[in-house]
Undergrad: 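Quick one: structure below, then a few questions.
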There are 4 protein chains.
Amino acid sequence: MEEKVAKREREGAILRAAKKIFAEQGYHEASIDDIIKEADIARGTFYLYYSGKRTIFAAILNLTLEEVNRNIAAISLDSGAPSPVDQVKANVRRVFNLLIADRHIADILFVRALGIDAEAMETLNAFYKKTADLLARALTQGMTIGLLNKCDPQIAAYSIIGSVKEVFLQVILAGEPSPQKIDAVIDEIIRVNLYGFYTRGGLI
Amino acid sequence: MEEKVAKREREGAILRAAKKIFAEQGYHEASIDDIIKEADIARGTFYLYYSGKRTIFAAILNLTLEEVNRNIAAISLDSGAPSPVDQVKANVRRVFNLLIADRHIADILFVRALGIDAEAMETLNAFYKKTADLLARALTQGMTIGLLNKCDPQIAAYSIIGSVKEVFLQVILAGEPSPQKIDAVIDEIIRVNLYGFYTRGGLI
Amino acid sequence: MEEKVAKREREGAILRAAKKIFAEQGYHEASIDDIIKEADIARGTFYLYYSGKRTIFAAILNLTLEEVNRNIAAISLDSGAPSPVDQVKANVRRVFNLLIADRHIADILFVRALGIDAEAMETLNAFYKKTADLLARALTQGMTIGLLNKCDPQIAAYSIIGSVKEVFLQVILAGEPSPQKIDAVIDEIIRVNLYGFYTRGGLI
Amino acid sequence: MEEKVAKREREGAILRAAKKIFAEQGYHEASIDDIIKEADIARGTFYLYYSGKRTIFAAILNLTLEEVNRNIAAISLDSGAPSPVDQVKANVRRVFNLLIADRHIADILFVRALGIDAEAMETLNAFYKKTADLLARALTQGMTIGLLNKCDPQIAAYSIIGSVKEVFLQVILAGEPSPQKIDAVIDEIIRVNLYGFYTRGGLI
DNA sequence: TATGAATGAGAATTCATTCAT
DNA sequence: TATGAATGAATTCTCATTCAT
């Protein structure tokens, strides 16, 4: 039993080391050498726990996406629940704070996982699709109860995701933001998406 | 004179071959070997025109961004000009059609150029920043004349860019869309961004 | 402990293989391929021990010069020591025998190390300068005690070195000499340098 | 006829350019590119006059050796001739001045021609052998008439050549010497070789 | 389990030489 | 004769992975 624990710990240690290295250097620049040095293990030991470079990166990517996932809650329309907008805001804030707290996650999701190969692309797209589906369902509900304007929920969902991703990325690239800044940014994204740019009574 | 033309043609042919290869395989997967086979030239000939893999990719990225750039016009508020919204729509439609027409451009911009190295990242970010600045200026003008709601123009600009990028990407990944589909998608993005999701008279 | 020994052995084996190859083919003609075939190791193994072609050649050159160096003793004027002439003879004989015993050393020093690059040139010149300085000091002492004629010790030292080098080279190029032949040659060089060509009572 | 002259001129110009490049960079470092740029001709033109890199280097080496050769006169024992020692001195002085005047010659003979390949080695050795034979003959004559001590003329000849070569090389490496310096060095080499190091009446 | 020496396929790049114009 | 674009064999070096201890 203890051995199992020890084993799992080592596995985790290697994973953390790899995550750090991949986040700092990117997939192709990072070498197994960098990872084993960071994890302070021997070359062969690495292959005892992970079958290769591609494999450990996939594990990291999946774990990272799961962590993000755990911070996204479906919108509840229960009478006791907070307003949908507040629920969306809370989701966005949790994910943003996660990315800020662990810069490696942001690096891997927004920079390092891109352009590696078809499989990584697939994993990422599947995640975004799942998130988009969640959002699209919420949008559809909103439309049904007349809270939201009519729109194509799929397109709208991806539009929102893109909007949030790009702003997050820019804020993160700009450096560590203060909690106030984060709140302000989130409010702004939400407002822009909810109300759009046109003044009410706009003509179009 | 003719020689110069022939030389430039060959340079172009190599560039096109490389563009295709990079789009299909990504930067790291692609080898000089793949490129020269596609271009049907000898190994040494490649180095006669480009000093290396990184160099030709940079050339492709820059040319691609320039081509996108040429399809984005600043919004004019002249009395004779189309409505700002129509101008924005026209911009989006031109870029979208460009990406559809040359699938390689889309692949390189949205997938292959990402995560290569700091320099490519820099180039891309500079492009998006320039585009965002253009947008932010237009948004500020719109706010000044009371056409648009008050917002943080920087954040709003990146929000729009992210929204458009993500939707484009998904549409392109889904396969070749019909012109009608394209128009519908563009209308949808524009509408969502202009009016937001909330029904007028929304409470929030 | 044993591993260290094994590792050092392999390092030595690679060095010997490279020495042979360089001696036979010269620096530029030799390829890493030739060396690894001779050493019967894989390509990567070579780079595990030496960082490149230039590096291993430098190692060989330095080791070779050190070996020659170890066979050259400073001339002692102690009362119990052999006559200076005998000491010089002993030095020359040791170095000559070293070159005869390991033909590769002679090839590398007299042929292969020449004209490679500025660094190799520098290394060789430094060695000859050191040897010349040793000789010049001995010559100066000889002049001081009236044993030797007055001369410019620097020029005389290089003259002796050149004389010995050239005769060694020719003897080695001519094929393996017998011990008698070696002794005769050494006697001849020493005599020529000590007494010169002119008959005593020469006029000049 | 004129064409032939023009052709020969161009051939000479290419040769001079190559000589400069080889002297400055060495055989392997020098590229055909360097040579044609120095000669200001096109790539193909080079091959019109010389069949390759190796060929033009051989031509340069041979011409250089011929030039040195022209400055070495056989020792005459005619009654009207200067003393043999003066004739030897004159030979040495002419060659030395040639090397000083055209630094490229010295570089090629003493540094750049070494270690290239068996053929260049052969050419050089043939030259030194010829010179040694000349010297050996003179030494034999000197011994016959009782002017010189008994010695092995072959060994003695190479000893002298080595002595002169090494001192020349060191003087040239040290930088441009004044005519006085040159004379002093030549006197010193001659004296050392003629009289040796031992004081007369030395015991050995 | 742990180690780390060994492996070798693969990649980028160079440059002497050729040849069509 | 002159040109210079094109060629491709050859070479060095890297690094993910294996395997004997």
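So you know, we letter chains A, B, ... as the sequences are listed, proteins then strands, and number each from 1. Because the structure is a prediction, the values reported are computed rather than measured.
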Undergrad: Measure from OH on A:Y50 to P on F:dA16 and round the result to the nearest Å.
TA: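 Answer to the nearest Å: 17 Å.
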Undergrad: Check whether any side-chain nitrogen or oxygen of B:S31 sits under 4.0 Å from OP1 or OP2 of E:dA11, and answer yes or no.
TA: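 For E:dA11, neither OP1 nor OP2 has a side-chain N or O of B:S31 closer than 4.0 Å.
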Undergrad: Can you give the dot-bracket line for DNA chain E, using ( ) for pairs inside the strand, [ ] for pairs that cross earlier ones, | for pairs with another strand and . for unpaired bases, where Watson-Crick and G-U count if both distances are under 3.5 Å?
TA: .||||||||||||||||||||
Undergrad: Between D:Y47 and E:dT17, does any side-chain N or O lie under 4.0 Å from OP1 or OP2?
TA: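 Answer is yes, contact under 4.0 Å.
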Undergrad: Would you kindly compare C:G44 and B:L48 by the position of their nearest DNA chain F nucleotide and give the one closer to the 5′ end?
TA: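 First, find each residue's nearest nucleotide; the 5'-ward one identifies B:L48.
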Undergrad: Would you kindly give the CD1-to-P distance between B:I14 and F:dA5, to the nearest whole Å?
TA: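 For the pair B:I14 CD1 and F:dA5 P, the rounded distance is 12 Å.
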Undergrad: Verify the contact: side-chain N or O of A:K53 to OP1 or OP2 of F:dC15, cut-off strictly under 4.0 Å; return yes or no.
TA: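 For F:dC15, OP1/OP2 do not have a side-chain N/O of A:K53 under 4.0 Å.
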Undergrad: Using a cut-off of less than 4.0 Å, is there contact between a side-chain N or O of D:R43 and OP1 or OP2 of E:dA20?
TA: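 The answer is no; no side-chain N or O of D:R43 sits under 4.0 Å from OP1 or OP2.
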Undergrad: Is it the case that more than 12 heavy atoms not belonging to A:E29 sit under 6.0 Å from its CD atom?
TA: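 Not more than 12 within 6.0 Å, no.
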Undergrad: Respond yes when some side-chain nitrogen or oxygen of D:Y49 is under 4.0 Å from OP1 or OP2 of F:dA2, and no when none is.
TA: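 So the side chain of D:Y49 is within the cut-off, an N or O lying under 4.0 Å from OP1 or OP2 of F:dA2.
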Undergrad: I want to confirm an ordering. Mapping B:A42 and D:I41 to their closest nucleotides on DNA chain F, which one lands closer to the 5' end?
TA: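 First, find each residue's nearest nucleotide; the 5'-ward one identifies D:I41.
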Undergrad: D:F127 and D:N69: side chain to side chain contact (heavy atoms under 4.5 Å, CB included), yes or no, with the steps?
TA: CA-CA 9 Å; D:F127 168 78; D:N69 236 351; 4.0 Å; yes
Undergrad: Is there a side-chain polar atom (N or O) of A:R10 under 4.0 Å from OP1 or OP2 of E:dA2?
TA: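 Yes, such a contact exists.
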Undergrad: Between atom CD1 in A:I32 and atom P in E:dT7, what is the gap in whole Å?
TA: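 In whole Å, E:dT7 P lies 20 Å from A:I32 CD1.
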